[in-house]
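Here's the structure, in structure tokens; my notes come after.
Along the sequence shown, residues carry numbers from 1.
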Amino acid sequence: MNGIVGMATVALYPALLYVGVPPIIANVTITVGLLFSDFSAVLSSRREFKRVVPETIKFSTLITAGAIVGAIVLLFSSSKSFKEITPVVILLSGILMMIPKKDNTHKSISKIVLIISAIATLLVGVYVGYFGAGAGILMTAVLSISNDYEYAENNAVRNVSALCAHIVTVIIFIFTMKIEWLIVPLIAIGLFIGGYLGPIIVRYVPSKVMRYVVSIFAIVVALILGYQAFF
């Protein structure tokens with residue numbers, strides 16, 4: 001799933017909370033594990049990546065810059081506020097995936113749209129560094145309005161961008177946050193395999209089907225986490 005839309009955190013986060021890992025520590029631990037998924041997804045996306053190098057460089061730079069800010073914000077966040085904001089963002093991400101992608105094949109992307117997209121990319125990067133659940137959906141949405149590439153190609157851009165962002169945030173977390181290192185290998189194996197298979201699946205499964213399945217899953221998880229956080 002992470003190699004398809006970057007939703008691994010949505011599944012792993014409630015699982016770690018269930019076994020008693022505090023919210024922020026769970027998030028940081030998952031971020032470390034995501035490096036394995038990101039790396040394998042990038043390897044599997046090489047075919048698409050060759051066609052989107054300029055877009056990848058631009059998008060990765062903005063996402064990584066925002067992620068550094070988000071990681072710093074996380075250092076000063078409380079578990080309570082973190083637990084409450086998470087289901088809201090996941091819910092919005094799931095709803096966002098329901099919105100059909102406009103056909104921009106025969107349209108040029110305006111400068112205003114590009115500026116808005118750049119700002120949105122920075123903000124998504126901040127969220128990637130802060131938490132990241134559903135960030136893959138947000139990145140895909142921003143990419144869909146800022147270029148005319150196919151879903152599989154934008155997925156390759158997202159995979160590389162996620163890897164760059166997670167590398168810098170993990171470096172920050174290693175020196176500043178507690179990480180459950182015993183859990184990392186347990187999630188890393190599955191994430192590595194899933195990350196590699198994701199881009200392959202994207203090549204053959206209709207993106208519309210994928211979007212609706214993942215969005216429904218995200219909404220269900222958001223409702224569960226919201227109930228746990230507020231009731």
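With Thr64 contributing its side chain and Thr61 its backbone, the two residues share no donor-acceptor pair below 3.5 Å. Within the 3.5 Å criterion, the main-chain N or O of Phe192 finds a donor-acceptor partner in the side chain of Ser40. In this structure, the side chain of Ser60 does not engage the main chain of Ile57 through any donor-acceptor pair within 3.5 Å.
Distance CD1/Ile30 to CD1/Ile179: 12.0 Å, rounded to 0.5 Å. With rounding to the nearest 0.5 angstrom, the CD atom of Glu153 is 11.5 Å from the CZ atom of Arg47. Distance CE/Met177 to OG1/Thr29: 9.0 Å, rounded to 0.5 Å. Atom-to-atom distance recorded for Arg158:CZ and Ser45:OG is 8.0 Å, nearest 0.5 angstrom. One finds the CD1 atom of Ile172 at 12.5 Å from the CD1 atom of Ile167 (value rounded to the nearest 0.5 Å). Rounded to the nearest 0.5 angstrom, Leu43 CG and Asp38 CG are separated by 11.0 Å.
Closest heavy-atom contact between Pro23 and Tyr13: CB-OH, 3.4 Å. Of all the heavy atoms in Leu163 and Phe39, the pair that sits closest is CD1-N, 4.1 Å. Between Tyr149 and Asn154, the shortest heavy-atom contact is O-ND2, 3.6 Å. Counting all heavy atoms, side chain and backbone alike, Ala71 lies closest to Thr169 at CB-CG2, 3.9 Å. Across all non-hydrogen atoms, the minimal contact from Gly129 to Leu74 is O-CD2, 4.3 Å.
Put simply, the side chain of Phe59 does not reach to within 4.5 Å of the side chain of Val52, judged on heavy atoms. In this structure the side chain of Ile63 never reaches within 4.5 angstrom of the side chain of Cys164, judged on heavy atoms. Using a 4.5 Å heavy-atom threshold, the side chains of Tyr196 and Ser37 count as separate. Pro14 has its side chain out of reach of Ile224: every pair of non-hydrogen atoms, C-beta onward, lies at least 4.5 Å apart.
Hydrophobic clustering (side-chain heavy atoms under 4.5 Å, transitive across Ile, Leu, Val, Met, Phe, Trp, Tyr) keeps Leu186 apart from Leu16. Leu62 and Met139 fall into different hydrophobic clusters, defined by Ile, Leu, Val, Met, Phe, Trp and Tyr side-chain heavy atoms under 4.5 Å apart, directly or through other members. Grouping the Ile, Leu, Val, Met, Phe, Trp and Tyr side chains by contacts below 4.5 angstrom, directly or via other members, places Tyr18 with Ile25. Put simply, Ile72 and Ile24 are part of the same group of oily side chains (I, L, V, M, F, W, Y) that touch within less than 4.5 Å, one to the next. Note on Leu182: it does not cluster hydrophobically with Ile187, by side-chain heavy-atom contacts below 4.5 Å among ILVMFWY residues.
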| task | Would you check, one step at a time, whether the test side-chain contact (heavy atoms from CB on, under 4.5 Å) holds for Leu12 with Leu191? | result | CA-CA 10 Å; Leu12 290 173; Leu191 287 172; 4.0 Å; yes
| query | side-chain contact (heavy atoms from CB on, under 4.5 Å) between Val42 and Phe49: does it pass, once the steps are laid out? | reply | CA-CA 8 Å; Val42 169; Phe49 174 68; over 6 Å; no
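Residue pairs meeting the salt bridge (charged side-chain N to carboxylate O under 4.0 Å, His left out) criterion with at least one member in residues 168-188, sequence neighbours excluded, are Lys178-Glu180. Residue pairs meeting the salt bridge (charged side-chain N to carboxylate O under 4.0 Å, His left out) criterion with at least one member in residues 54-64, sequence neighbours excluded, are Glu55-Lys58. Applying the salt bridge (charged side-chain N to carboxylate O under 4.0 Å, His left out) definition to pairs two or more places apart or across chains, those involving residues 192-204 are Glu48-Arg203.
The residue from Ile201, Leu143, Val202 that alone fulfils the side chain to side chain contact (heavy atoms under 4.5 Å, CB included) condition with Asn155 is Val202. Each of Ile193, Ile189, Val184 was checked for a side chain to side chain contact (heavy atoms under 4.5 Å, CB included) with Phe36, and the lone residue meeting it is Val184.
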